[in-house]
Amino acid sequence: MALTPSTAIEVNMAGETSATTVRVTVVQASTIFYDTPATLDKAEGLIADAATYGAQLVVFPEAFVGGYPRFSNFGVSIARRSAKGKEDFQKYHASAIAVPGPEVDRLAAMAGKHKIFLVMGVIEKEAYTLYCTVLFFDPQGQYLGKHRKLMPTTMERVIWGFGDVSTIPVYETPLGKIGSLICWENRMPLLRTALYAKGVEIYCAPTADDSDVWQASMKHIAVEGGCFVLSANQFCRRKDYPPPPDYVFADVDNEPLPESVACAGGSVIISPSGVVLAGPNFDGEALISAELDLGEIVRAKFGFDVVGHYSRPDVLSLIVRDHSLKPVFFTSAEKKANNEQKLP
């Protein structure tokens with residue numbers, strides 16, 4: 001489904017002589033729940049539209065591929081999982097994607113076809129565990145890597161595994177250094193600091209939060225990090241989820257009408273000085289774009305560089321354990337790998 005560009009305010013940092021500018025787009029659109037092939041078709045159309053409008057970087061919402069299971073509790077209470085909830089999880093698991101896998105290959109091909117950097121929120125499955133993940137792709141059609149959500153929130157912890165700090169990449173690109181944190185892990189100051197220390201310049205924040213407080217957080221992070229913040233959220237209605245009894249909105253007094261808004265969006269793009277460049281959009285599905293003047297990063301950090309001249313490592317410091325943690329460790333496999341590395 002093609003979308004027209006958002007009518008939200010866009011600020012072109014014109015009149016500046018620093019010159020290097022980047023055209024970015026955040027996508028505000030809904031998953032086609034329980035239908036990953038159709039969701040990928042929709043993503044391809046949205047990417048094509050964004051590229052037509054000149055986007056060099058396109059950011060999608062949290063869990064766009066695989067779906068954000070809003071208002072679902074999967075039949076869980078303390079010491080109990082219902083039979084219906086187990087069936088719901090089985091369907092949700094079937095909608096998730098393996099990384100690497102054919103869906104990742106298809107997303108890479110989309111990025112390559114339209115010559116864009118792509119940041120895509122997905123639900124990743126590794127065997128029987130799910131992760132809320134962001135995937136990164138380059139304009140050559142290459143999959144660059146992923147970030148797994150480090151800290152799921154509330155009921156998310158029942159259905160998603162926890163990421164570790166081995167997947168908080170920042171990629172150096174011709175557009176600037178690109179990284180991402182997902183939804184409420186953006187509230188974790190030490191995790192943000194790790195991203196700042198890696199030099200993030202274009203900070204992507206896919207989310208499922210449409211609150212006013214989220215907008216305040218995005219402005220704060222832009223100023224704190226001296227970086228551009230690109231936040232993408234879904235706009236979805238009750239009808240975008242399967243009807244009951246296939247999908248039940250838990251803990252609501254009455255089943256919402258099909259046109260009822262389940263998530264109002266609020267996607268936004270903010271400059272390192274805290275200026276809203278585009279959005280927030282609460283009106284519907286949209287492509288929200290802005291021109292980023294990369295010179296603004298240097299101008300902002302002249303006043304405040306959180307991991308530079310405004311840090312006090314003699315007083316405050318952070319240790320990041322950036323290695324992956326494995327539940328099962330086979331010493332024979334590790335020994336073989338080490339021996340192979342020593343071969344001429």
Side-chain angles (χ1 to χ4, degrees), residues 5-28 50-51 53-60 115-119 134 136 138-139 147 168-181 186-187 189 191-207 214-233 266-281 286-311:
S6 167
T7 56
I9 296 173
E10 293 187 18
V11 178
N12 185 343
M13 310 285 282
E16 304 291 345
T17 57
S18 61
T20 303
T21 60
V22 174
R23 178 78 172 176
V24 300
T25 295
V26 294
V27 173
Q28 181 164 287
Y53 301 125
Q56 298 165 276
L57 167 65
V58 180
V59 181
F60 275 76
K115 306 300 180 187
I116 57 148
F117 284 92
L118 174 62
V119 177
V134 163
F136 301 85
D138 72 14
H147 164 59
I168 54 164
V170 170
Y171 296 101
E172 189 160 359
T173 80
L175 308 186
K177 295 178 181 178
I178 300 172
S180 179
L181 297 181
N186 285 282
R187 292 184 171 191
L191 186 55
R192 295 199 306 268
T193 301
L195 216 61
Y196 301 151
K198 291 189 173 189
V200 65
E201 296 171 322
I202 302 177
Y203 183 118
C204 303
T207 189
W214 179 256
Q215 299 298 320
S217 292
M218 294 299 95
K219 285 188 177 182
H220 172 78
I221 290 169
V223 173
E224 177 183 68
C227 52
F228 291 96
V229 171
L230 282 56
S231 180
N233 193 8
S267 301
V268 68
I269 301 171
I270 302 173
S271 83
S273 59
V275 175
V276 175
L277 305 181
N281 182 302
L287 300 177
I288 300 161
S289 300
E291 301 277 347
L292 312 185
D293 170 14
L294 300 184
E296 177 70 9
I297 296 170
V298 178
R299 296 194 292 274
K301 288 182 182 288
F302 176 54
F304 184 85
D305 185 356
V306 68
V307 290
H309 64 74
Y310 228 90
S311 65

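Numbers here simply count residues along the sequence, with the first being 1.
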Closest contact, heavy atoms only, Ala222 versus Ser271: CB-O, 3.2 Å
Worked verdict on Trp214 versus Asn233 for side-chain contact (heavy atoms from CB on, under 4.5 Å): CA-CA 11 Å; Trp214 179 256; Asn233 193 8; over 6 Å; no
For Glu201, salt bridge (charged side-chain N to carboxylate O under 4.0 Å, His left out) partners two or more places apart: none
Ile116 side, atom CD1; Thr25 side, atom OG1 - distance, nearest 0.5 Å: 9.0 Å
Spacing of NZ belonging to Lys115 relative to CD belonging to Gln56, to within rounding of 0.5 Å: 14.0 Å
N/O donor-acceptor pair under 3.5 Å between His147 side chain and Phe136 backbone: no
Value rounded to 0.5 Å, distance of OG in Ser289 from CG in Leu230: 9.5 Å
Ser231 side, atom OG; Ile270 side, atom CD1 - distance, nearest 0.5 Å: 7.5 Å
Beyond-backbone contact of Thr207 with Met218, side-chain heavy atoms, under 4.5 angstrom: no
Side chain to side chain contact (heavy atoms under 4.5 Å, CB included) against Phe304, all qualifying residues, sequence neighbours excluded: Val306, Tyr310
Any side-chain heavy-atom pair of Phe60 and Leu118 under 4.5 Å: yes
Minimum side-chain heavy-atom gap Lys301-Pro272 below 4.5 Å: no
Exam field: side chain Ser180 to backbone Cys204, donor-acceptor pair closer than 3.5 Å: yes
Trace of the side-chain contact (heavy atoms from CB on, under 4.5 Å) decision for Leu294 with Phe228: CA-CA 9 Å; Leu294 300 184; Phe228 291 96; 4.1 Å; yes
Rounded distance (nearest 0.5 Å) linking atom CG of Leu277 with atom CD of Glu296: 8.5 Å
Separation between OG1 of Thr20 and CG of Leu175, rounded to the nearest 0.5 Å: 10.5 Å
Residues Phe117, Val24; criterion side-chain contact (heavy atoms from CB on, under 4.5 Å); working and verdict: CA-CA 9 Å; Phe117 284 92; Val24 300; over 6 Å; no
Heavy-atom pair of closest approach, residues Gly179 and Val200: N-CG2, 3.7 Å
Expected output: side-chain Asn186 to main-chain Leu181 donor-acceptor under 3.5 Å: yes
Side-chain heavy atoms of Val268 within contact of Ile288, under 4.5 Å: no
NZ (Lys219) with more than 12 external heavy atoms under 6.0 Å: no
Minimum heavy-atom distance between Ser311 and Gly308, given as atom pair plus value: OG-O, 2.7 Å
Residue pair Ile221 / Tyr196, side-chain heavy-atom distance below 4.5 Å: yes
Minimum side-chain heavy-atom gap Ile269-Leu292 below 4.5 Å: yes
Test log, rule side-chain contact (heavy atoms from CB on, under 4.5 Å), inputs Thr173 and Asp138: CA-CA 9 Å; Thr173 80; Asp138 72 14; over 6 Å; no
Check: Ile168 main-chain N/O paired with Lys198 side-chain donor or acceptor under 3.5 Å: yes
Minimum-distance pair of heavy atoms, taken over all atoms of Ala50 and Val58: CB-CG2, 3.8 Å
Minimal non-hydrogen separation, Val26 against Ala232, with atom names: CB-CB, 4.0 Å
